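Data first, discussion second: the structure below is written as structure tokens.
Bear in mind that the values here come from a model prediction, so they are computed numbers and not experimental data.
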Amino acid sequence: MKKKIATKDFSRKFSHETMNRTHPKLTSKMTLTLATIAYILLLSLTTPTKAGKVTTKPNILLILSDDQDLTLEGMTPMRQVLQLVGNAGATFGRAYTSSPLCCPSRATLLSGMYAHNHGTTNNSVSGGCNGHRWRTKIESQALPVLLRDDGGYETFFAGKYLNEFYGERVPHGWTHFYGLHGNSRYYNYTLRENSKNVSYTDTYLTDLLRDKALGFLKARNRQKPFFAMIAPPASHAPFTPAERHRGAFANIKALRTPNFNRIPLPQEKHWLVAATRALPTETVKLLDTFYQQRWETLLAVDEMVAFLVETLTDQQELDNTYIIYTSDNGYHMGQNAQAWDKRQPYETDIRIPLLLRGPGVPKGAFIAQPTLLLDLMPTILEWSGLNAHTEMDGLSIQSALRRAAVDEYRRSLLVEYWGEGNSNTYNAACPWSRADSLSQCTPEADCHCQDAWNNTYSCVRHFRSATDRLYCEFADWSNFVEAYDVNEDPYQIKNIGYDLLPIEHAFYGLALANLTRCAGNKCNDINI
């Protein structure tokens, strides 16, 4: 780094208040000179404004972390991201993923569709992760394709793409592609680097992605706008920090929320969660270590963002670049006596960080409008002056940015997940049958499992200005229902699903029936 970017000291106790802390128009009266000829050549890169002036298309830089929670203070290590993106732009306080798992969530971001429309339902090939439907039907109309082919953008990708991607090709739409084979790793990995696969042993992946991205920014075609997506492995398992960051949070323990290591009663939670026993002492110690290491893996991401911002500043491109920082899903660590994972419909797993700066974005704004990860594609297309080839299920967040100070909002969001079962998980010492097909049992000796074939559910997250309620129906033999008043019960301990009035059950059930079949604009017409 040529110069140090100043950072602000953020305390470990992270809150919305901590987070709450422009596109120059190219207007020139030209005569028929050489300058005019150059101007005409640039028309393909510009879009008209309402006033008839010409504005260059903005650059877009999207950083997508992996399994980074917000509810358990997962943004605390990101001091430079908070300063350079959040404080310099807007922070979205109610941002969510519609599917709390890596592959469905990433497919949603790239397609602008709910999982029931793009067909990627979990991390397995059988669940559509980098499967036939994705490769032949969805990917060819995804965000990078539209930006490159319709918008004239130079596109760049580096990092984790989809969990079942193994470098057989460069996915549609990417001018430059450095895609990780398989799931997140920090060392000993292989990338699809454009036309070939390249293996690395000792190079820390986040640092390699940083260098690839910086190289792209310095060598790119400056006559074109760019879309760059960088997807580092942090803070996903195996939680391996860079050597320079080991021990940085050695004295930190996992957040002891009111539901930490609390065994739910059977009537409170779906059987997969309610059937667990308390986490033993050794598992809690290991959980604390993982919590520390997750934060430490994020420090390299924080540094990477600072380098990228500095480079854009040096190139005088920062004011014409939207920078988005977000994650694919959240994460739980000890809540409801479950060890560490995602996949559940609770706040820890579905709520994500979302920070944004760029042309016209109000500085230091806090956006209360509920937002989904699938809203990013329609937003980016609006910034770029493009239209999707098919209807998208999300909404552009531009209106929320224009109404940053407005607290009135109304939206019904869908959260959906299809469980992954594995009959090989059976352990005779644990209180489940072989037929339960449980999976993600971590640690196996403690008989704690995170998933099952019938951990399949759909939920409506119902927002109005004074209402924040989650209502879920599970697709198992018991037709189990969970509902929570999140304003009154932020840790989702008291299940009020069986206390609702019959008319409330009917309204929520109808909303779910419509949301789980919706497509395009109809997904945003469903309000209760």
Side-chain angles (χ1 to χ4, degrees), residues 23 42-49 54-64 105-113 118 134-135 137-162 165 169-179 192 194 209 212-213 216-217 219-231 308 312 315 317-326 328 354 356-361 372-398 401 520:
H23 180 84
L42 284 171
L43 281 179
S44 62
L45 301 178
T46 60
T47 53
T49 65
V54 174
T55 303
T56 56
K57 286 187 177 182
N59 305 310
I60 298 146
L61 173 60
L62 170 60
I63 298 102
L64 180 71
S105 186
R106 289 161 188 265
T108 287
L109 188 157
L110 291 168
S111 68
M113 298 178 180
H118 60 63
W134 173 261
R135 296 193 311 271
K137 302 291 185 182
I138 307 300
E139 191 180 75
S140 60
Q141 301 182 66
L143 177 60
V145 175
L146 300 180
L147 289 172
R148 187 190 68 179
D149 296 352
D150 294 357
Y153 275 73
E154 188 172 6
T155 58
F156 170 90
F157 182 89
K160 176 176 167 180
Y161 182 59
L162 301 177
F165 173 81
R169 64 196 169 88
V170 172
H172 296 294
W174 299 108
T175 315
H176 312 275
F177 187 79
Y178 302 89
R192 177 70 181 195
N194 298 316
L209 301 181
K212 297 290 187 185
F216 164 72
L217 290 180
R220 69 184 181 84
N221 182 353
R222 299 291 292 274
Q223 300 303 309
K224 286 187 174 185
F226 72 82
F227 170 61
M229 180 173 174
I230 307 166
L308 294 169
L312 290 169
Q315 294 180 346
E317 292 280 4
L318 185 61
D319 289 341
N320 191 39
T321 302
Y322 287 101
I323 302 177
I324 305 166
Y325 186 91
T326 190
D328 53 1
L354 177 58
L356 164 67
R357 69 171 291 169
V361 176
L372 280 172
L373 200 59
L374 60 77
D375 294 336
L376 290 183
M377 181 170 172
T379 303
I380 291 171
L381 292 182
E382 182 175 348
W383 290 339
S384 309
L386 298 172
N387 294 313
H389 295 168
T390 58
E391 279 193 303
M392 293 172 292
D393 301 338
L395 292 171
S396 171
I397 61 179
Q398 270 299 96
L401 291 171

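If you take CG on Leu162 and CH2 on Trp134, they are separated by 6.0 Å, rounding to the nearest 0.5 Å. Taking CZ of Arg222 as the reference point, atom CD of Glu317 lies at 5.0 Å (rounded to 0.5 Å). For the atom pair NZ (Lys137) and OG (Ser111), the distance works out to 15.5 Å, reported to the nearest 0.5 Å. For the atom pair His172 NE2 and Arg169 CZ, the distance stands at 6.0 Å (nearest 0.5 Å).
Phe216 pairs by the ring pair (Phe, Tyr, Trp, His ring centres under 6.0 Å) definition with Phe156, His176, Phe226, not counting sequence neighbours.
Across Pro225 and Gly152, no two heavy atoms sit closer than the pair CD-O, 3.8 Å. Taking every heavy atom of both residues into account, Met229 and Leu109 meet most closely at CE-CD2, 4.3 Å. The two residues Tyr322 and Pro359 have their closest heavy-atom pair at OH-O, 3.0 Å. Smallest separation of non-hydrogen atoms from Lys57 and Ser384: CE-O, 3.6 Å. The minimum heavy-atom distance between Ala213 and Leu308, with the atom names listed, is CB-CD2, 3.8 Å. Considering all non-hydrogen atoms of both residues, Leu146 and Asn387 come closest at CD1-O, 4.4 Å.
Contact of the Tyr153 side chain with the Thr175 side chain is not registered, since no non-hydrogen atoms from C-beta on lie closer than 4.5 Å. At least one side-chain heavy atom of Leu356 sits less than 4.5 Å from a side-chain heavy atom of Ile397. In this structure the side chain of Leu110 reaches within 4.5 angstrom of the side chain of Tyr161, judged on heavy atoms. Counting heavy atoms from C-beta on, the side chains of Phe165 and Arg192 come closer than 4.5 Å. Leu373 has its side chain within reach of Ser105: a pair of non-hydrogen atoms, C-beta onward, lies under 4.5 Å apart. Asn320 places a side-chain heavy atom less than 4.5 Å from the side chain of Thr56. Taking the side chain as every heavy atom from C-beta outward, Leu318 and Ile323 approach each other to under 4.5 Å. Contact of the Thr379 side chain with the Leu401 side chain is not registered, since no non-hydrogen atoms from C-beta on lie closer than 4.5 Å.
Judged by distance alone, the side chain of Gln315 and the main-chain N or O of Leu217 form a donor-acceptor pair under 3.5 Å. Although no hydrogens or angles enter the test, the distance criterion places no donor-acceptor pair under 3.5 Å between the side chain of Asp150 and the main chain of Leu147. Glu154 places no side-chain N or O within 3.5 Å of a backbone atom of Arg220 that could act as its donor or acceptor partner. Asp393 places a side-chain N or O within donor-acceptor distance of the main-chain N or O of Gly520, the cut-off being under 3.5 Å. Between the side chain of Thr155 and the backbone N or O of Arg148 there is no donor-acceptor pair closer than 3.5 Å. Thr326 places no side-chain N or O within 3.5 Å of a backbone atom of Leu354 that could act as its donor or acceptor partner.
If you check the side chains of Asn59 and Thr321, you find a donor sitting under 3.5 Å from an acceptor. Defined by atom type and a distance below 3.5 Å, a donor-acceptor pair is present between the side-chain atoms of Ser396 and Glu382.
Side-chain rings of Phe157 and Phe177 approach one another, their centers coming within less than 6.0 Å.
Tested against Leu143 for a side chain to side chain contact (heavy atoms under 4.5 Å, CB included), the candidates Leu381, Leu386, Leu376 yield a single pass: Leu381. Of the listed residues (His118, Met377, Met113), just one forms a side chain to side chain contact (heavy atoms under 4.5 Å, CB included) with Thr108, and that residue is His118.
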